[in-house]
Amino acid sequence: MITYIKNVVSLKLDVHICTGCNMCINVCPHNVFLLKEKRAYITNIDACMECGACQLNCPENAISVLSGVGCAAGIIQGYLKGTDPTCGCETDNCC
Amino acid sequence: MDYIVDYIGIDRKIPVVATFLNSYDRLVAIKARWAINRNDYKIPPGIYAVGNPDEKANVFVTANYKLSFDHLRSNIAGMNAWILVLDTKGINVWCAAGKGTFGTNELINRIRSCDIEKLVSHRKIIVPQLGAVGVSAHEVKNETGFKVIYGPVRAVDIPSFISANLRATESMRTVKFTLSDRLILTPVELVGHFKYIISLLVLMILLGGFKNSTFSFNDMFDSGIVVTVSLLCAYIGGAVITPLLLPWLPARSFAMKGLIVGVAISIVLYFAQLTGTNIIESISLMFIIVASTSFISMNFTGASTYTSLSGVKKEMKTAVPMQLIFFLTGLLTWIILRFI
């Protein structure tokens with residue numbers, strides 16, 4: 001996989017409250033996590049695209065990430081409209 | 001609804017869908033890829049059957065975008081299964097999950113309104129992994145009793161996922177971004193930037209008719225060819241060449257990748273003597289090419305499968321001012337040259 005800009009990702013994991021349920025590993029599309037001795041660890045943080053799936057599916061709330069669309073057009077659109085970055089296509093109901 | 005081949009069920013009629021895609025389905029896929037009526041390919045949300053499913057059959061969840069639905073049904077040919085289509089406003093699974101329409105609430109409500117509890121005796125529901133961006137598995141379990149099992153990223157892996165007892169391997173869970181993945185996205189990039197490039201082209205062709213502040217159609221024609229070639233190359237550079245060469249362009253930020261492509265295009269056009277005869281005019285055109293290619297390439301972050309919000313914000317902080325300065329310097333110089 002191609003690597004994107006390094007050292008910017010906002011993903012954090014509190015290893016102490018992790019119960020090793022494996023959900024973050026199941027949902028991560030870029031193999032950011034690894035399970036070691038019944039706990040999850042972040043092993044590949046620069047591969048994270050901040051989609052937020054791990055945070056939403058962690059039953060212990062051990063993960064935090066400022067999730068959103070990594071989309072320049074969406075960021076520009078959000079900036080112009082004064083909203084959060086949204087999927088930036090020509091119409092509001094597409095992606 | 002030519003994908004419905006039959007109906008089953010005793011107390012209600014559940015449509016049975018075909019598992020092969022016909023020529024209409026294929027035509028829709030091509031049209032959607034070219035952004036033609038792209039928001040109009042919706043499947044009615046609800047429950048559908050594949051084959052002859054019973055109370056033990058698997059339940060697959062998908063979005064009500066026709067391409068998502070077609071991917072799923074064509075990849076579970078030969079199985080007996082249920083398909084639960086969520087109302088995602090005609091958007092694909094991943095994008096809809098990002099917006100929250102493919103989400104926890106919609107899934108909970110749809111499990112209830114479609115009475116999945118009565119349809120199957122087990123309490124498992126297979127959700128595509130990319131739907132996890134909008135679905136909280138433990139909340140769905142708390143609310144409905146159904147355990148969400150995340151299936152593979154790509155529908156094509158479903159048969160192996162099923163034979164491995166609903167286990168997705170690491171490769172099934174990983175999003176890739178292959179050359180063909182990128183190639184299939186280029187038409188939408190071309191269509192999306194078309195009106196901007198055409199507006200700029202029309203403006204520059206009209207202004208190109210001026211020389212020493214006097215308008216002539218001969219000058220408009222001569223300079224029109226130069227401008228058209230430059231802008232078309234910038235457009236194709238940003239919308240096609242950068243996406244295709246993505247892994248090999250030696251920069252991490254998409255704007256930088258585009259800048260490299262823009263500079264390369266400028267050099268080629270310059271030596272092919274396609275940037276006009278005046279050196280200042282050539283340089284001003286190059287500024288416009290580099291700025292446009294970089295900007296269009298930067299917008300490909302939205303189509304890519306690996307860029308983070310933090311990363312895109314970071315690259316835009318330096319790239320957007322650079323693109324604006326390049327573009328305005330280029331365009332203003334080019335215009336001033338017509339009037340002095």
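Computed from a predicted model, the values in this text were never measured in an experiment. Labels below follow one simple rule: chain letters A, B, ... track the order of the sequence lines, proteins then strands, and each chain is numbered from 1.
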Answer yes or no: is there a side-chain heavy-atom contact under 4.5 Å between B:Trp94 and B:Val133?
->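 Answer yes - side chains close enough.
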At a heavy-atom separation under 4.5 Å, does [X] approach chain A through its side chain, its backbone, both, or neither?
X        : answer
B:Ala168 : neither
B:Tyr150 : side chain
B:Phe295 : side chain
B:Val135 : backbone

Contacting region of [X] [heavy-atom separation from chain B under 4.5 Å]:
X       : result
A:Cys54 : neither
A:Cys48 : backbone
A:Cys21 : neither

Applying side chain to side chain donor-acceptor pair (under 3.5 Å), which residue pairs with at least one partner in residues 8-37 of chain A are found, sequence neighbours left out?
->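 Qualifying pairs: A:Ser10-A:Glu50, A:Asn31-B:Thr174.
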Report yes or no: does B:Glu315 contribute a side-chain atom to a donor-acceptor pair with the main-chain N or O of B:Ala255 at less than 3.5 Å?
-> yes
Do any N or O atoms from the side chain of B:Arg33 and from the backbone of B:Ile184 form a donor-acceptor pair under 3.5 angstrom?
-> no
Residue selection (most heavy-atom pairs with chain A, distance under 4.5 Å) from B:His138, B:Lys313, B:Met298 |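 Of the options given, most contacts go to B:His138.
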Between A:Ala47, A:Gly52, A:Cys28, which has the largest tally of heavy atom pairs under 4.5 Å with chain B?
->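 Option with the top pair count is A:Cys28.
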Look at atom CZ of B:Phe194 and say whether more than 12 heavy atoms of other residues, nucleotides or ligands are closer to it than 6.0 Å.
->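 Open.
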With a cut-off of 6.0 Å (strictly less than), are more than 12 heavy atoms of other residues, nucleotides or ligands near CZ of B:Arg123?
->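 Counting neighbours around CZ of B:Arg123, more than 12 heavy atoms of other residues, nucleotides or ligands fall under 6.0 Å, so yes.
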Distance-only donor-acceptor check, side chains B:Thr178 and B:Asp181, under 3.5 Å =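 Present: a donor and an acceptor within the cut-off.
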